[in-house]
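A short write-up of the structure that comes next.
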Amino acid sequence: MPKNDFPQPLSGMVTPRYGEVPSFMRLPVERDPAQLDIALVGVPFDGGTTNRPGARHGPREIRNMSSFMRRVHHASKVAPYELCRVGDHGDCPVNPIDLHDSLARIEAFYTRLHAAG
């Protein structure tokens with residue numbers, strides 16, 4: 001049982017790892033960055049690439065695969081979710097048909113995230 005009220009990953013004993021809405025490491029989705037010490041963010045964007053699209057699917061697939069993460073590291077026995085507030089902050093907004101607009105949106109999103117500490 002955690003010694004604090006920091007967000008914890010959803011337990012595989014409560015809901016199977018293939019169930020529920022996928023979030024990074026099965027952590028709560030928190031849209032207020034001031035509530036987190038570490039905000040996990042996806043940038044579903046592959047604009048400006050040639051002959052290699054597909055990176056836009058990365059954040060969703062990383063969320064899917066991160067469902068295998070455990071609350072305690074098996075070798076070090078460190079429980080990282082007891083050390084700081086970690087949560088899925090969602091995806092950065094992008095414009096899939098406008099590279100320059102996407103870059104401006106990404107910059108504004110991270111400026112806001114940085115300003116929240």
Side-chain angles (χ1 to χ4, degrees):
M1 191 64 153
K3 297 176 179 110
N4 53 48
D5 63 350
F6 290 171
Q8 298 291 312
L10 185 61
S11 171
M13 300 301 286
V14 174
T15 301
R17 297 194 180 279
Y18 54 81
E20 270 300 331
V21 175
S23 64
F24 280 122
M25 296 182 263
R26 299 182 62 149
L27 288 162
V29 174
E30 175 58 64
R31 299 296 182 165
D32 180 2
Q35 298 299 313
L36 300 172
D37 299 316
I38 299 174
L40 301 168
V41 177
V43 182
F45 184 66
D46 57 10
T49 62
T50 55
N51 201 32
R52 288 294 207 192
R56 65 184 172 264
H57 301 291
R60 180 166 296 187
E61 291 310 313
I62 290 172
R63 283 182 175 97
N64 287 337
M65 295 310 298
S66 72
S67 70
F68 295 109
M69 300 287 290
R70 304 288 183 189
R71 290 181 183 207
V72 178
H73 188 269
H74 68 283
S76 69
K77 306 300 183 212
V78 171
Y81 310 107
E82 294 181 15
L83 302 176
C84 56
R85 295 182 58 81
V86 184
D88 188 337
H89 188 58
D91 284 341
C92 179
V94 296
N95 180 343
I97 60 170
D98 189 328
L99 173 63
H100 296 290
D101 183 46
S102 286
L103 295 176
R105 290 177 186 209
I106 293 167
E107 181 179 8
F109 180 87
Y110 278 99
T111 298
R112 183 183 61 82
L113 193 64
H114 184 264

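Numbers here simply count residues along the sequence, with the first being 1.
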Looking at [X] and [Y], what are the two nearest heavy atoms and their distance?
X   : Y    : value
L83 : F6   : C-CE1, 3.5 Å
S66 : M25  : OG-N, 2.7 Å
R71 : P80  : O-CD, 3.5 Å
P96 : S102 : N-OG, 4.4 Å
R31 : D91  : NH1-N, 4.2 Å

same_hphob_cluster([X], [Y]) at 4.5 Å side-chain heavy-atom cutoff:
X    : Y   : result
V72  : L10 : no
F109 : L99 : yes
Y81  : F24 : yes
L103 : V41 : yes
V86  : V29 : no

Rounded to the nearest 0.5 Å, how far does [atom2] of [Y] lie from [atom1] of [X]?
X    : Y    : atom1 : atom2 : value
L113 : H89  : CG    : NE2   : 5.0 Å
R112 : C92  : CZ    : SG    : 9.0 Å
H57  : N64  : NE2   : CG    : 12.5 Å
N95  : H100 : CG    : NE2   : 11.5 Å
Q8   : E82  : CD    : CD    : 5.5 Å
I106 : D101 : CD1   : CG    : 9.5 Å

R85 and D5: CA distance, side-chain angles, deciding distance, side chain to side chain contact (heavy atoms under 4.5 Å, CB included) verdict: CA-CA 9 Å; R85 295 182 58 81; D5 63 350; 4.3 Å; yes
Heavy-atom neighbours of E107 CD exceed 12 at 6.0 Å: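 Result for CD/E107: open.
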Enclosure of R17 CZ (heavy-atom neighbours >12, cutoff 6.0 Å): yes
Cation-aromatic face contact R56/F45, 6.0 Å, 45 degrees: no
